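Here is the structure we will look at.
When a ligand or atom number is given, it counts from 1 through the structure's own listing order. These values consider heavy atoms only, across backbone and side chains, with no hydrogens, waters or symmetry-generated copies. Small disclaimer: the values here were computed from a predicted structure and weren't measured.
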Amino acid sequence: MRAFACPACAAFTPFEADRCAACRTPVGLHLPTTSMVALDGDAVRVDGQRWIRCTQAETLQCNWLVPDEHVDAGQRGRCLADSLIRREPDAADTVAREKLVPTTAALRRLVFQLLDIGLPVEPYFRRTGGLAFDLLSSFSEDRPVTIGHADGVITIDLVESLDAYRESLRVRLGEPYRTMLGHFRHEVGHYYQNVLVETGPGAQRHLTECRALFGDERAGYGEAIDRHYRFGAPADWQDTFISEYATMHPWEDFAECFAHYLHITDTLDTAREAGMVLHADRVRFRAPRDVTPSPCYDDASVHRLLDDWAWIALFFNRVNTAMGKPPLYPFTIPPPVADKLDFVHRVIREER
Ligand SMILES: [Zn+2]
Ligand SMILES: [Zn+2]
């Protein structure tokens, strides 16, 4: 994630800020320039165009700006991220709506990164099968909300934004990591597998390689779920998979790898934006080289990216344990998973 600066005083400004913490200048996120801009009253002019706050500024604490003379009715005066929400709890359901705030904060992070790495974000109201989010609460609907993806529509259970609920599920399922942002990154992986690998212009070529790496996605999905929840992951799953869940079905393996690609690249980029570098001659232990996270690993192989990540993750894991928390990135990447991440890396790079 980018480390933004206040346009008035240059103080560090977090991604979610609507006001500079140092000088109190009202700010908003201007997507075309990926920068924080200062608002004069309730608007700002950028490149001759008037920009105002997203209509969800109050209700969802959104700090994104939208062009004043917005013509796309489907967007409803919302920023791109919030306009992707197709279904959300009714205004009267205040308990569920409270959970929308942290959930949409994760959604905006997701959308910003997707655009930042050059992936197409085509909303459902512009194209059939385009990206949509149904953000619903298991506590409000007649039946449990199942997190998942189908034909561009990603469903998220808002109840998962409750720490105690999500943590109890995490422990019950034996997962080392479970977050809202992680759910978004995983589910959007299903969407991009369909858009970039299964149906895009490179589909024929990609699909053959994808099946060789992840397995044949035409394998029965229902039986795969039954098998996974009855018998669990194979004993040696860590040799070839990033997580136990990834063993369930080739689609889940791809989505898990896609999510990890987004975890890794965003965290590396956050370190780079903070100016973090590992100087090999300044540490007590043997480090083979200086590690300088790159702004974009476009020209590098995934192995360079993963090697940089191995070093940065090592320290972030130690930082977390210094605070008495579990490691930040509690995963190991065996060579077959590196090959899968390489595939994700190349498919995304080609799209850009
Ligand atoms: Zn400031
Ligand atoms: Zn918004």
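- Between Phe139 and Tyr165, the ring planes are perpendicular. Angles over 60° get that label, and only those under 30° would be called parallel.
- Within 6.0 Å of atom CG in Asp298, more than 12 heavy atoms from other residues, nucleotides or ligands are found, so the atom counts as buried in its surroundings.
- Aromatic ring orientation, Phe4 versus Phe15: parallel (interplanar angle below 30°, classes split at 30° and 60°).
- Note on the Zn ion (ligand 1): protein N, O or S atoms under 2.8 Å away count 4, no waters included.
- Of the possible donor and acceptor atoms, one in the side chain of Thr247 sits under 3.5 Å from a partner among the backbone N and O of Glu244.
- Taking the ring centroids of Tyr177 and His263, they lie under the 6.0 Å cut-off.
- Aromatic ring centres of Phe258 and Tyr192: separated by under 6.0 Å.
- Crowding of Asp299 atom CG: a count of heavy atoms from other residues, nucleotides or ligands under 6.0 Å not exceeding 12.
- A continuous path of hydrophobic side-chain contacts links Tyr297 to Leu278 [ILVMFWY only; heavy atoms under 4.5 Å].
- The set of protein atoms (N, O or S) found at less than 2.8 Å from the Zn ion (ligand 2) reads Cys54 SG, Cys62 SG, Cys79 SG, Asp82 OD2, by chain and number.
- Residue Arg272 holds its CZ atom at 9.0 Å from SG of Cys296, rounded to the nearest 0.5 Å.
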